[in-house]
There are 2 protein chains.
Amino acid sequence: MAGRELSERGAGTRALILDTALAAFAESGYRGTSVRDIATRCGLTHPALLYHFPTKADLLMAVLGRRDDSEGRAVGFDELHGRALLDHLVDTARRNSARRGVVELYATLSAESTEPGHPAHAYFVARYASLREAVTRAYRELEADGALRPGIAPATAARQLVALMDGLQIQWLLDPELDMAEALAAHVEAQLR
Amino acid sequence: MAGRELSERGAGTRALILDTALAAFAESGYRGTSVRDIATRCGLTHPALLYHFPTKADLLMAVLGRRDDSEGRAVGFDELHGRALLDHLVDTARRNSARRGVVELYATLSAESTEPGHPAHAYFVARYASLREAVTRAYRELEADGALRPGIAPATAARQLVALMDGLQIQWLLDPELDMAEALAAHVEAQLR
DNA sequence: GTCTATAACGTGATAGAC
DNA sequence: GTCTATCACGTTATAGAC
């Protein structure tokens with residue numbers, strides 16, 4: 001591609017901004033973080049940042065989008081089936097215990113974005129729907145294999161598991177002694193046979 | 001008591017402010033609501049409001065405290081035992097379906113207040129601890145009555161139930177079609193025998 | 001294409017008059 | 001107990017230099 005060196009610095013700045021914004025949002029939430037803070041941490045003035053991302057909401061969406069690309073959905077829910085998918089979620093909870101900031105970001109944002117006018121509202125609606133769908137599929141597969149305790153409805157179980165993940169995060173953030181992965185694993189264990 | 005009529009008008013204003021603040025926080029969250037908004041809704045200027053509650057955080061704590069007195073803890077967790085306490089929680093979820101604003105307030109606040117510096121941090125740490133304690137007691141009572149499925153640890157079950165309530169609220173706020181009470185009741189049902 | 005300077009406004013909070 | 005006036009700061013956004 002021609003003009004690579006022209007956009008090189010710009011691309012680097014963009015990536016720096018995204019990294020810094022992720023950390024800042026994670027520390028203080030979306031509403032609690034100012035564009036000036038992020039810009040200053042990058043060695044920029046805030047209008048310079050707003051050149052790359054016209055609005056604070058745009059920046060937020062870019063941060064969320066990049067995380068999905070790099071780590072979240074890229075692991076590939078579609079390739080995981082049955083028990084393996086549930087185990088993957090337990091594992092995610094375990095790994096999250098080492099990244100308090102990210103957990104704080106998602107906990108704060110998912111609650112904030114509940115309001116229909118929030119910039120990340122559509123993102124979270126879609127995120128939860130697709131997560132519930134994948135987990136429902138996993139429970140259906142377990143059911144077909146006869147590995148699910150009778151009387152457990154896959155769709156309900158999926159909503160419960162997703163809810164459990166969110167709720168355990170709140171309790172863990174308030175008291176890091178609590179073990180998210182353990183409580184999650186115990187729940188899954190109790191549903192299988 | 002002497003001097004009652006002196007504080008009468010003041011007490012009325014105080015109550016008006018608390019009612020209005022509850023509604024406003026419920027609509028827009030703590031950070032999303034300005035002291036000016038609340039004051040204007042009360043027909044006051046914002047310094048007048050800050051005469052009654054010196055700080056925005058003080059106002060928040062007063063709102064939370066009054067709710068606990070009037071409706072929450074006053075129902076009396078101490079008087080409820082075993083299954084009755086769990087049923088009461090399911091019922092609370094059912095009643096909450098008619099009060100979106102309050103659910104939004106608590107969901108947003110519990111996530112926000114996760115940060116140690118937040119004005120409501122200590123409040124929520126204590127709130128969760130006492131709730132978990134009460135629920136743990138209920139599960140222990142069920143266990144002693146032989147009503148709890150074997151292999152379920154009361155303390156873990158309590159953390160799970162509290163987490164489930166929080167997580168279901170998020171999903172319900174994002175999609176009001178979902179039935180919080182139903183998913184909660186199904187979970188409890190699956191734990192008992 | 002990248003950034004500095006600045007505008008225009010809203011915020012929580014305080015001082016002091018009435 | 002409530003007001004006006006004001007403060008210092010943070011917010012999004014734009015005009016224009018390099």
Side-chain angles (χ1 to χ4, degrees), chain A residues 1-21 23-25 27-63 108-109 112 115 117-120, chain B residues 1-21 24-25 27-64 108-109 112-113 115 117-121:
Chain A
M1 293 266 181
R4 170 74 66 83
E5 43 304 314
L6 269 174
S7 56
E8 198 85 308
R9 183 159 148 68
T13 303
R14 240 186 100 90
L16 173 63
I17 291 171
L18 287 172
D19 285 340
T20 310
F25 286 149
E27 274 174 33
S28 318
Y30 174 70
R31 283 182 172 143
T33 304
S34 76
V35 174
R36 273 183 167 84
D37 283 348
I38 301 170
T40 303
R41 288 214 224 174
C42 293
L44 295 173
T45 58
H46 76 279
L49 190 155
L50 290 173
Y51 162 76
H52 295 280
F53 303 93
T55 220
K56 192 187 178 186
D58 289 339
L59 175 57
L60 170 63
M61 297 314 296
V63 168
T108 305
L109 276 183
E112 269 184 20
E115 185 206 0
H118 193 281
Chain B
M1 293 269 180
R4 172 73 68 84
E5 45 302 315
L6 268 173
S7 55
E8 197 85 307
R9 182 159 147 72
T13 303
R14 242 186 98 91
L16 173 63
I17 290 172
L18 286 172
D19 284 340
T20 311
F25 286 150
E27 274 174 32
S28 319
Y30 174 70
R31 282 180 172 145
T33 303
S34 75
V35 174
R36 275 182 169 83
D37 283 347
I38 301 169
T40 303
R41 287 214 224 174
C42 293
L44 295 173
T45 58
H46 77 280
L49 190 155
L50 290 172
Y51 163 76
H52 295 279
F53 303 94
T55 221
K56 192 188 177 186
D58 289 339
L59 175 58
L60 170 65
M61 297 315 296
V63 168
L64 293 177
T108 305
L109 275 182
E112 267 185 20
S113 72
E115 185 205 0
H118 193 281
H121 183 74

Using whole Å, report how far CZ of Arg14(A) lies from C1' of dC3(C). 16 Å
Could you tell me how far apart Asp58(A) (CG) and dA13(D) (P) are, to the nearest whole angstrom? 9 Å
Heavy atoms, side chains only, cut-off 4.5 Å: are Leu59(A) and Leu18(A) in contact? yes
Judged by atom type as modelled, is there a donor-acceptor pair below 3.5 Å linking the side chain of Ser34(B) to the main-chain atoms of Asp37(B)? yes
Phosphate oxygens OP1/OP2 of dG1(D): is one of them under 4.0 Å from a side-chain N or O of Thr13(B)? no
Round to the nearest Å and state the distance from Ile38(B) atom CD1 to dA13(C) atom C1'. 14 Å
Using whole Å, report how far NE2 of His52(A) lies from P of dA13(D). 17 Å
Please give, in whole Å, the distance from dT12(D) C1' to Leu60(A) CG? 15 Å
Which of dG1(D), dT14(C), dA13(D) is nearest the side chain of Leu50(A)? It is dA13(D)
Do Asp19(B) and Arg14(B) make a side-chain contact, defined as non-hydrogen atoms from C-beta onward lying under 4.5 Å apart? no
Atom CG of Leu16(B) and atom P of dG1(D): how far apart are they, to the nearest Å? 15 Å
Please answer whether the main-chain N or O of Glu112(A) pairs with a side-chain N or O of Thr108(B) as donor and acceptor at a distance below 3.5 Å. no
How would you summarise protein contacts on nucleotides 6-11 of chain C per nucleotide, using B for base, S for sugar-phosphate only and - for none, with heavy-atom distances below 4.0 Å? BB---B
Measure from CD1 on Ile17(B) to C1' on dT2(D) and round the result to the nearest Å. 11 Å
Find out whether Ile38(A) and Phe25(A) are in side-chain contact, i.e. whether some heavy atom of one side chain is under 4.5 Å from a heavy atom of the other. yes
Set out, in order, the CA-CA distance, both residues' side-chain angles and the distance that settles side chain to side chain contact (heavy atoms under 4.5 Å, CB included) for Met61(A) and Thr55(A), then state yes or no. CA-CA 10 Å; Met61(A) 297 314 296; Thr55(A) 220; over 6 Å; no
Residue mapping more 5' on DNA chain D - nearest nucleotide basis, Pro54(A) or Tyr51(B): Tyr51(B)
Separation of atom CG in Leu44(A) from atom C1' in dT2(C), rounded to whole Å: 10 Å
Looking at dT12(D), I'd like to know if its phosphate oxygens (OP1 or OP2) sit under 4.0 Å from a side-chain N or O belonging to Thr55(A). no
Is the backbone of Leu50(A) close enough, under 3.5 Å, to the side chain of Lys56(A) for a donor and an acceptor to pair up by distance? no
